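Heads up, the thing below is written out as C-alpha cells.
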Amino acid sequence: MLKELVETQLQRALEALDLPEPPAYQLKRSERPEHGDLSTNVAFALAKQAGQAPRRLAEQLAEQLRTQSDSPFESVAVAGAGFVNFKLKHEQIHQVLDRILRYQFEEPDYYYGISHQGEGKAAQVEFVSANPTGPLTLGHGRQAILGDVIARLLENAGYRVTREFYYNNAGRQMRLLGQSVQARYLEELGRPAQFPEEGYHGEYIREIARKIRAEQGDAWAEAATDQFKDYAEAEIFAGIRRTLGRLFRRPADQAFDIYYNESSLYGRGPQRPLATVDLITEWLRAASLAYDKDGAVWFKATASGRPEDRVIVRRSGEPTYRLPDIAYHLDKLARGFDLIIDIFGADHHDTYQDVLAALKGLCQNIPELKQYEPERIRVLIHQFVTLTRGGQQVKMSKRLANYVTIDDLIDELAATVKLEEQTQEAARTPEQLREAFAVNAVRYFFLMRNPDSHLQFDFDLAKAQSKENPVYYVMYAHTRIAAINAEYFTVFTERNTYRDPAAEDLSLLQQPEELALIKQLDALPEVLAEALDQLRPNLVTNYAFELARLFHDFYEQHRVVDASRPELTVARMALLHGIDIVFGRLFGLLGLFAPRYM
RNA sequence: GCGCCCGUAGCUCAGUGGACAGAGCGCUGCCCUGCGGAGGCAGAGGCCGCAGGUUCAAAUCCUGCCGGGCGCACCA
C-alpha cells in the first residue's frame with residue numbers, strides 16, 4: 001500500500017514537471033532509518049533522457065513532491081548523488097494497520113495478502129514424481145515441500161491449481177523391484193532364491209516379502225515375478241501417499257490431484273494424452289527434428305543449440321525417457337493450463353532442456369500444434385540436500401540402502417519433542433502435537449534456503465526447542481501474542497474482545513518498533529508476489545523470520561498490557577492483532593501448524 | 001572435456017544494480033526475575049573465491065580463471 005501511495009505521488013510530480021516517462025527505476029523500502037521509509041533512484045534513471053544531472057533532477061522532484069496538495073510526506077530529502085528519500089507521515093503508516101484490521105472484519109472473503117493476478121487462470125505443478133520403487137527420501141522431501149508451497153502461493157494468487165505426480169511403473173527398475181521382492185519372499189520360505197545383481201536392498205523389500213508370506217503362506221512360491229511387482233508397487237505407493245499426507249498435512253488420498261502414469265503416453269494407461277510417443281516421433285521426423293542412425297532414432301537437439309543429439313528410440317524399439325517426457329509436456333500444454341511449473345532436482349538439468357527444445361520445435365513446425373505455447377512452462381531446479389548430525393555429514397548411498405527416509409526424519413524429530421504441561425490442547429493428542437511440531441521443523445528447514453543453493457539439514461538444530469531454531473523463533477512470536485491476549489483479559493476483565501474500533505486510537509503507536517512492525521506488515525503482498533514470480537518460497541520464510549524478530553524486539557522494549565494506560569493498551573492490542581493476522585497468513589502459506597502454547 | 005548451480009564473518013546462510021555489506025549460531029564483556037527467561041544489551045570478527053570489463057554506481061551484470069556440487073547412457 002505504501003509503495004503504491006508513493007508511486008502515485010511520484011507520477012503526479014513527474015507530470016507536473018513535464019518530465020518524460022522514466023525508464024525502469026526502483027522504489028524500495030529503505031534499509032536504514034536515516035534514508036526515510038522509502039527511496040527511489042528515479043533521478044538517475046531520468047538523467048540521460050532529461051539531459052540534467054541526477055542531483056538537480058532529484059532536487060526538483062523533491063521540491064514538487066513537498067508542495068503537492070495532500071502530500072502524505074513528513075519529508076522528502078535528496079541524498080547522495082541523487083537519491084530521493086521519502087519519510088511518510090505517521091498517519092499514513094497507521095492507515096496501513098487500520099486497513100488490514102478493517103478488511104479482516106468487514107470483508108467476508110478477504111484475506112490480507114491475497115492477490116488476483118491468477119484469477120480465472122489454471123496452473124499445474126508437477127513435483128516429487130518418484131517411481132514406486134522405494135520410500136521417499138530426503139531429496140524428495142525438499143521437492144515435495146517446495147511444490148506444496150508453490151501450489152499454495154498460486155492458490156493465494158487466484159489460480160486454480162492442479163498438483164500432479166508423474167510416475168512410471170513399467171520398465172527395468174520395476175522389473176528389478178519385482179525380482180527383489182520375489183527373491184526375499186523365497187528366502188522367507190527357506191527356498192533357493194537368486195537376488196538380482198542390481199536389486200533393491202532396502203529393509204522395506206523384506207517387509208513387503210514378509211507381508212506376502214503372512215497373507216499367502218507359500219501359495220506364491222511358483223508365482224510370476226509380475227505378481228510380486230504389482231504387489232510391491234501397491235504397497236510402496238500407499239507408503240508414498242502416507243508420507244506425502246504427513247508432509248502436506250492432508251489425508252493421504254488427497255496428497256495430489258492427479259497421478260499421471262507414463263504408460264498412458266504409449267496408449268496403455270488411464271489418461272488419454274494428446275499424442276502418444278509414436279505420433280510424437282512422426283511429428284519430430286516431419287519437422288526434421290528426428291533422424292535414424294545406428295538403428296536408433298535420434299532427436300536433433302543440436303538444431304536448438306544443445307550440445308549433442310539424443311537417442312529417443314533405442315535400437316530395441318523401446319523409447320528412452322526423453323520421448324515420453326516430450327509427449328507428457330505436450331499433453332500438459334494441450335490440457336489448457338496457463339502456467340505449468342515443473343520441479344526437478346539438479347540431476348535433471350540437462351534433460352529438461354532437451355524436452356523444452358523439442359516442444360518448441362514441434363509447436364513451431366507442426367500445424368496442429370501451433371496453438372500451443374511452450375513458454376507457459378517454467379522449471380524450478382533445486383539443489384541437493386545433505387544431512388548433518390553432531391556436526392558430521394551423514395553419509396548416504398542409495399545402492400546400499402542406508403539413506404534416510406522422510407518418515408525416519410519426521411519420526412526421529414517427533415520422538416524428541418518435549419511438550420510442556422500447558423502445551424496440551426483438548427483438540428489434539430500429545431502424539432498429534434509431537435507430529436505437528438516435527439513436520440513444522442521439516443517443512444521450515446526445507447523451505448528456508450534458496451532452491452538454487454545446497455541445503456544443509458542440521459538435525460540437531462531442527463530438534464532444538466529454543467530460539468536458535470528459526471522455526472521455534474517464528475512460532476514463539478505467535479504464541480507470545482496468544483499469551484499477551486490472555487493477559488489482556490485477566491487485567492481488563494470487563495472487556496470481552498480486544499478489538500474495539502471505537503475506542504482504538506492507532507495514532508498512539510509512535511514508537512519506532514511499532515512503526516517498523518506496521519511497515520513490515522505492509523510488505524506482505526510484495527513478498528508473496530516476488531516469491532511466486534521467482535519460485536522462491538524462502539523469501540516467505542525470510543519475511544516471517546524478520547517479522548518475528550521485529551516483534552520480539554518490540555516485546556522486549558514495550559509493555560502491552562498496562563492497566564494504567566488503557567488507550568495505549570488497546571492500540572497495541574490492535575497492532576498485535578494485525579501481526580497475528582499476518583502470521584496466520586504466513587503459517588497457512590507455509591503449511592505450518594500454529595500452536596497457541598509451546 | 002562440455003553444460004547447469006554454488007563460492008559473502010569461525011559455522012549455517014540472507015542480500016541478485018544503488019548510499020558505510022546483514023542475520024542466527026559460536027566467541028568476549030555486561031545486564032536481567034519476566035504481559036512465560038525457550039531472556040536482554042554491547043563488542044570483536046569480512047580485499048563479498050581471484051583477475052579483467054560494462055556502468056554515474058557492481059557482492060549483484062559480462063568475460064576468463066580457481067574451488068565445490070550435480071549432470072553429460074540406446075538407465076529413469
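Just so we're on the same page: letters track the sequence lines, and every chain starts at 1. Owing to the predicted nature of the structure, the values given are computational and were not obtained by experimental measurement.
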* To do: Take nucleotides 6-15 of chain B nucleotide by nucleotide from the 5' end and write B, S or -, depending on whether a protein heavy atom sits under 4.0 Å from the base, only from the sugar-phosphate, or from neither.
  => S-----SSSS
* Asked: With a non-hydrogen cut-off below 4.0 angstrom, is A:Y472 in contact with a base, only sugar-phosphate, or nothing?
  -> base
* Determine, for A:F459 and A:R389, whether the Lys NZ or Arg CZ falls below 6.0 Å from the six-membered ring centre while staying within 45 degrees of the axis. => yes
* Hey, what's the ring geometry for A:F344 with A:H329, parallel, tilted or perpendicular (30° and 60° as the breaks)? -> perpendicular
* Could you check whether the rings of A:F551 and A:F554 sit parallel, tilted or perpendicular, using 30° and 60° as the cut-offs? => tilted
* Asked: Does A:S39 make a side-chain donor-acceptor contact with the base of B:rA19, cut-off 3.5 Å?
  -> yes
* Examine A:R268 relative to A:Y266 and say whether NZ or CZ is less than 6.0 Å from the centre of the six-membered ring and inside a 45° cone about the ring axis. => yes
* Does the separation of the ring centres of A:Y328 and A:Y166 fall below 6.0 angstrom? -> yes
* If each of A:F83 and A:Q465 is mapped to the nucleotide of RNA chain B with the nearest heavy atom, which maps nearer the 5' terminus, i.e. the 5' end? -> A:F83
* To do: Check the pair A:Y472 / A:Y476 against ring-ring contact (aromatic ring centres under 6.0 Å, His included), numbers first and verdict last.
  => CA-CA 6 Å; A:Y472 273 80; A:Y476 189 40; 9.3 Å; no
* **Mutual orientation of the aromatic rings belonging to A:F165 and A:F256 [parallel < 30°, tilted 30-60°, perpendicular > 60°]** => perpendicular
* To do: Using only side-chain N and O atoms of A:K467, determine if any of them is under 4.0 Å from OP1 or OP2 of B:rC25.
  => yes
* Asked: Which of residues 292-309 of chain A sit near RNA chain B, with a heavy atom under 4.0 Å from it?
  -> A:D294, A:A296, A:E308
* Going by ring centres under 5.5 Å and near-parallel planes (under 30°), is A:F384 stacked on B:rG69? -> no
* Asked: In whole Å, what is the span from the CD atom of A:Q49 to the P atom of B:rC56?
  -> 15 Å
* To do: Under 4.0 Å between any heavy atoms, over every strand shown, what does A:N85 touch: base, sugar-phosphate, or nothing? Just pick one.
  => base
* To do: Compare the minimum distances between each of B:rA76, B:rC41, B:rC74 and the side chain of A:N131, then state the nucleotide with the smallest one.
  => B:rA76
* Ignoring hydrogens and angles, does a donor from either the side chain of A:D347 or the base of B:rA76 sit under 3.5 Å from an acceptor on the other? -> no
* To do: Specify the separation, in whole Å, of atom NE2 of A:H348 and atom C1' of B:rG3.
  => 16 Å
* Does A:E34 get its side chain close enough to the base of B:rC20, under 3.5 Å, for a donor-acceptor pair? -> yes
* Is A:D460 salt-bridged to A:K463, going by a charged N under 4.0 Å from an acidic O? -> no
